[in-house]
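The structure appears below as structure tokens.
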Protein chains: 2
Amino acid sequence: MSAAKEILERLAGCPLPEWHHVEPLLRRKTLESGETLFLAGMAHPYVYFVETGIIKMIYETCEGDAWVKAFAAEDRFFASLAALLPGGVTSFSAVAACPAAVESLPYHLLDQLGDKHPQWQRALRKGFELYGFRKEARERDLLTLSAGERYQRFIEEYPHIAERVTDRDIAGYVRVTPVALSRIKSRIKLRQMEEKDAS
Amino acid sequence: MSAAKEILERLAGCPLPEWHHVEPLLRRKTLESGETLFLAGMAHPYVYFVETGIIKMIYETCEGDAWVKAFAAEDRFFASLAALLPGGVTSFSAVAACPAAVESLPYHLLDQLGDKHPQWQRALRKGFELYGFRKEARERDLLTLSAGERYQRFIEEYPHIAERVTDRDIAGYVRVTPVALSRIKSRIKLRQMEEKDAS
DNA sequence: GGTCAGGGTTAACCTAGGTTAATGAGCGGT
DNA sequence: ACCGCTCATTAACCTAGGTTAACCCTGACC
């Protein structure tokens, strides 16, 4: 069973018809750590499904910083929404944060199947619903939390990701420099020591 | 013609069937500036359509800050995605940033119509697509731009909103305090003066 | 007219995080 | 074993923004 099928049918909540039309267009790709899946600026209307490993989506600024928009680990799907819209291009790049295997499908195929079958349309809508839900949470964290709080929430919420990517990437996600993240970590350690001493 | 119908049919790209089933559940509400539409923490599975005015969506922290997630002006729709999901609650409040009139529809109705008619399902999917697209852009701005750049982008991209809300709300959107925004503005003014002097 | 409240500005001070640079640990390649 | 690389840490210094408080302006209300 392909990761794509599993993920899409979980979204739809039912089996999806015409999978035999999908199969031949499903591309599988394995990536080494650090290998690029796609680059910002490309027209890239594909949806990805993570089979194994972790993909990081990054915004690269002209100053050379690389801020991490999101991580996608096993069983997640992702895409550049901007690139799915007609004539759109990705504003971020996707890079393997550790050895990974992904599957991809062209969005126009999903779009067509959506117009033909309510089950597919439902899967797509649920997919966008979930995507929006995640983005809403990310936006809230960036707006309301301090850097230290964002770090703590990240390691609590995604421990399975935190332990498999570099601190550098975590810093990019938390939106601080690696130096600042190191300081934040030592501050936390210090506080934990103090609490232990007090008790 | 209601704002909701106009917005939804623009999303669908075609007329929507069974509008007579929608009409009786469509609620219209006018708000004075500062009046609350809904509060964070509520179960609130409704989609809103802005007829006139501007609604701000805000995250209120326990420290008493109010950060502005987004503004919705004329012809926009919005909802708390988290509250649309079964059992979910809003994590933000919606407040009129100036006198406003909105229409609302219960999401379960849209969900049902989506399951019945491909046109409705398409409208919903396009709606989520657009919502995700906007959130993606917001996330990028928060990750890659400095406070000053975020302010400049905001007044360039949404001049019709910028001139109708208070600086206090703009500061909340840019994610700085009103004091810092004032400083940013005077810094920009200073730079413009210098450029004029140089030329 | 006077008063009051809220928004915007400015100044003084403080803190968190950015910047640069030096140091050391881990690791693959030769 | 050695080199070279990347990553994490630490220190020194700097800057942007937070905090507090004083001030002014405007508009609503009495």
Worksheet item: Just to confirm, is there a sub-4.0 Å distance from OP1 or OP2 of C:dG17 to any side-chain nitrogen or oxygen of A:Arg187?
Response: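 Indeed, a polar side-chain atom of A:Arg187 lies that close.
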
Discussion item. Quick one, A:Val22 and A:Leu16 - any side-chain contact, counting heavy atoms below 4.5 Å?
Written reply: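 The answer is no, as the side chains (C-beta and beyond) never meet within the 4.5 Å cut-off.
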
Worksheet item: Taking side chain as C-beta onward, heavy atoms only, is A:Ser2 less than 4.5 Å from A:Trp19?
Response: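 Result yes, sub-4.5 Å side-chain heavy-atom pair found.
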
Worksheet item: Which class fits the ring pair B:Phe154 and B:Phe71: parallel under 30°, tilted 30 to 60°, perpendicular over 60°?
Response: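 Aromatic pair B:Phe154/B:Phe71 classed tilted.
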
Worksheet item: Between B:Tyr46 and B:His44, how do the two ring planes meet: parallel, tilted or perpendicular, split at 30° and 60°?
Response: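 It falls in the tilted class, 30° to 60°.
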
Spacing between [X] atom [atom1] and [N] atom [atom2], to the nearest angstrom:
{"X": "B:Asp65", "N": "D:dG18", "atom1": "CG", "atom2": "P", "result": "9 Å"}
{"X": "A:Leu142", "N": "C:dG17", "atom1": "CG", "atom2": "C1'", "result": "16 Å"}
{"X": "B:Trp67", "N": "D:dG17", "atom1": "CH2", "atom2": "P", "result": "12 Å"}
{"X": "A:Ile188", "N": "C:dG17", "atom1": "CD1", "atom2": "P", "result": "11 Å"}
{"X": "B:Tyr151", "N": "C:dG8", "atom1": "OH", "atom2": "C1'", "result": "12 Å"}
{"X": "A:Glu32", "N": "C:dC27", "atom1": "CD", "atom2": "P", "result": "18 Å"}

Each nucleotide N or O in nucleotides 6-9 of chain D that has a protein N or O under 3.5 Å away: list the pair and distance.
from	atom 1	to	atom 2	distance (Å)
D:dA8	OP1	A:Asp167	N	2.5
D:dA8	OP2	A:Arg168	N	2.9
D:dT9	OP1	A:Lys185	NZ	3.4
D:dT9	OP2	A:Ser182	OG	3.3
D:dT9	OP2	A:Lys185	NZ	3.4
D:dT9	O5'	A:Ser182	OG	3.3

Discussion item. Check for me whether A:Arg134 meets the cation-pi criterion with A:Phe77, that is, NZ or CZ under 6.0 Å from the six-membered ring centre and within 45 degrees of the ring axis.
Written reply: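 Geometry flag: set, cation within 6.0 Å and 45°.
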
Worksheet item: Is the Lys NZ or Arg CZ of B:Arg150 less than 6.0 Å from the centre of B:Tyr173's six-membered ring, within 45° of the axis?
Response: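 So B:Arg150 doesn't make the cation-pi contact.
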
Practice prompt. Considering only NZ, NE, NH1 and NH2 on the basic side and carboxylate oxygens on the acidic side, decide whether A:Glu129 and A:Arg125 come within less than 4.0 Å.
Written response: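 Salt bridge present between A:Glu129 and A:Arg125.
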
Item to complete: Can you check whether any acceptor in the base of D:dG18 is under 3.5 Å from a donor in the side chain of B:Arg183, or vice versa?
Response: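 Side chain to base: pair found, below 3.5 Å.
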
Worksheet entry | Residues that A:Tyr59 engages under ring-ring contact (aromatic ring centres under 6.0 Å, His included), provided they are two or more places apart |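 Result, ring-ring contact (aromatic ring centres under 6.0 Å, His included) vs A:Tyr59: A:Phe92.
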
Are there any protein N/O atoms within less than 3.5 Å of an N/O atom in nucleotides 28-30 of chain C, and if so, which ones and at what distance?
none

Worksheet item: So which of A:Glu103, A:Glu51, A:Glu35 actually passes side chain to side chain contact (heavy atoms under 4.5 Å, CB included) with A:Lys29?
Response: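 Single side chain to side chain contact (heavy atoms under 4.5 Å, CB included) partner of A:Lys29 among A:Glu103, A:Glu51, A:Glu35: A:Glu35.
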
